[in-house]
There are 2 protein chains.
Amino acid sequence: MPVDPAALTRITALGSVPEAGRGLVRDLPVRWALEEAGIPYSARTLTFLGERSADDLAEQPFGQVPAYNDGEVSMFESGAIVLRVGERSEALLPRDPRARAKTISWLFAALSSVEMQIWPLALLNIFFADKPWRNEARPALEGNVRRVLGRVAAHLGEKDWLEGEFTAGDLMMVTVLRRLRSTGLVAEHANLAAYLARGEARPAFQRALAAHLADFADQATAA
Amino acid sequence: MPVDPAALTRITALGSVPEAGRGLVRDLPVRWALEEAGIPYSARTLTFLGERSADDLAEQPFGQVPAYNDGEVSMFESGAIVLRVGERSEALLPRDPRARAKTISWLFAALSSVEMQIWPLALLNIFFADKPWRNEARPALEGNVRRVLGRVAAHLGEKDWLEGEFTAGDLMMVTVLRRLRSTGLVAEHANLAAYLARGEARPAFQRALAAHLADFADQATAA
């Protein structure tokens with residue numbers, strides 16, 4: 001397992017989050033990418049809702065996690081960091097220009113075309129759980145999610161991964177689909193549900209998830 | 001002006017959209033990037049809400065625009081394409097690794113951290129304009145937008161661009177901030193409003209916008 005306090009590559013994560021957020025914080029795809037690439041890393045935990053120091057904000061201007069530093073560059077945004085890890089490992093980002101271009105397209109698509117449609121639905125639960133109009137808003141928002149999931153499922157077809165071989169695009173797409181775990185929307189497409197399960201079954205994902213959750217356990221007594 | 005029907009680099013755009021969407025369709029940042037880079041391109045227009053052929057979906061799996069082909073690679077997702085154009089031109093993506101890493105971080109941040117918070121607010125107008133609870137939902141959604149704009153404004157400070165020199169990160173951030181044009185949210189930060197105006201004043205942006213809008217004019221008589 002590449003978690004190593006002395007590693008040159010360092011990321012930030014959260015030391016505590018509400019139960020519903022565990023397994024969904026954005027250090028997870030970065031840990032997963034580092035595990036796929038076999039790159040040792042260390043994680044420094046920040047509080048969920050705490051003040052951020054000037055240094056923290058210089059590293060991550062939104063006061064969120066993860067931030068990343070590998071001794072050469074400092075970055076923020078999970079998509080950007082996963083791409084950087086891909087530049088360090090062919091396991092995530094093919095070197096063939098055409099395959100590389102498709103991988104980067106899917107990496108952005110997972111965040112910008114798919115997660116963008118999931119987020120408004122998540123907000124219904126986060127902000128408006130007690131509003132009587134919540135169920136009036138849901139169908140249109142679910143419709144947006146269904147539309148993009150249908151497109152992803154159609155492209156996936158009978159393949160194991162979006163472009164045949166596993167890439168950083170699949171890593172991010174699986175990460176985003178996990179945000180729908182409290183809904184039945186992914187299960188509406190058998191091939192997409194199998195794709196999600198296939199991603200979560202990867203040993204690198206399992207190691208990343210264990211490390212992600214371990215940080216919360218560490219802090220449970222300190223909190 | 002690099003629009004050239006014989007150009008090797010080809011993109012797709014929309015031939016018609018409702019008035020409110022003009023100037024916001026995602027071919028615009030791609031055109032802008034190509035203009036900054038001085039790369040000639042041609043644009044093929046698709047209908048706003050039409051069937052997509054199997055070829056169209058192979059090129060753009062979500063049935064949206066833009067798709068991009070430069071003779072070497074085929075891509076989709078405006079963020080991915082802008083990054084590709086950056087790889088072709090130092091005008092958008094610095095060659096220094098540290099500056100390059102920050103540029104890519106901001107490119108993702110514009111879409112994933114900033115636009116992700118704007119989209120739910122846009123949906124209030126798109127889907128729920130006639131709902132009495134629209135104004136009950138607005139403050140929480142505006143709060144999310146205000147939070148991220150505050151972070152961007154704080155990072156920008158007195159600089160002209162997010163990391164000093166104009167990059168692909170600024171190009172996408174300005175594109176995203178334009179989505180708030182019907183609100184007063186950007187104007188709450190004088191430096192952010194000036195930044196947006198500075199981006200829109202760039203000759204390359206003006207050429208891209210003119211070409212983007214010209215496609216709608218072309219189709220007005222054919223529609």
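Here is the naming used below: chain letters follow the sequence lines, and residue numbers restart at 1 for every chain.
Closest non-hydrogen pair, B:Pro66 versus B:Gln60, comes out as O-CG, 3.9 Å.
Between B:Arg31 and B:Tyr41 the shortest side-chain heavy-atom distance falls below 4.5 Å.
Listed options A:Arg98, A:Arg84, A:Glu136, A:His155 were ranked by heavy-atom pairs under 4.5 angstrom with chain B; first place goes to A:Glu136. When B:Pro132, B:Ala137, B:Gly150 are compared by the number of non-hydrogen pairs under 4.5 Å with chain A, B:Ala137 comes out ahead. Contact count against chain A (heavy-atom pairs under 4.5 Å) is highest for B:Asn144 among B:Asn144, B:Val114, B:Val152. Among B:Ala140, B:Ser113, B:Ala58, the residue making the largest number of heavy-atom pairs under 4.5 Å with chain A is B:Ser113. Listed options A:Ser78, A:Ala99, A:Ala109 were ranked by heavy-atom pairs under 4.5 angstrom with chain B; first place goes to A:Ala109. Per-residue heavy-atom pair counts under 4.5 Å with chain A were compared for B:Ser105, B:Ala80, B:Pro97, and the maximum is reached by B:Ser105.
Between the side chain of B:Arg22 and the backbone N or O of B:Val17, at least one donor-acceptor pair lies under 3.5 Å. In this structure, the side chain of A:Asp170 engages the main chain of A:Leu162 through a donor-acceptor pair within 3.5 Å.
Salt-bridge formation is detected for the pair A:Glu59/A:Arg44: a Lys NZ or Arg NE/NH1/NH2 atom is positioned less than 4.0 Å from an Asp or Glu carboxylate oxygen. At a threshold of 4.0 Å, the pair A:Arg100-A:Glu87 counts as salt-bridged, since one of the basic side-chain nitrogens sits closer than that to a carboxylate oxygen.
Annotation for A:Glu188: atom CD counts as buried by contact number, over 12 foreign heavy atoms lying within 6.0 Å.
When heavy atoms are compared at a cutoff of 4.5 Å, A:Glu115 approaches chain B by way of both its backbone and its side chain. Both the backbone and the side chain of A:Ile104 come within contact range of chain B, with heavy atoms under 4.5 Å apart. Looking at A:Phe127, the atoms closer than 4.5 Å to chain B (heavy atoms on both sides) all sit in the side chain, from C-beta outward. Of the atoms belonging to B:Phe62, heavy atoms from both backbone and side chain fall under 4.5 Å from chain A. Contact annotation for A:Phe76: both backbone and side-chain heavy atoms come within less than 4.5 Å of a heavy atom of chain B. Contacts of A:Leu83 with chain B are made by side-chain atoms alone, with heavy-atom separations under 4.5 Å and no backbone atom involved.
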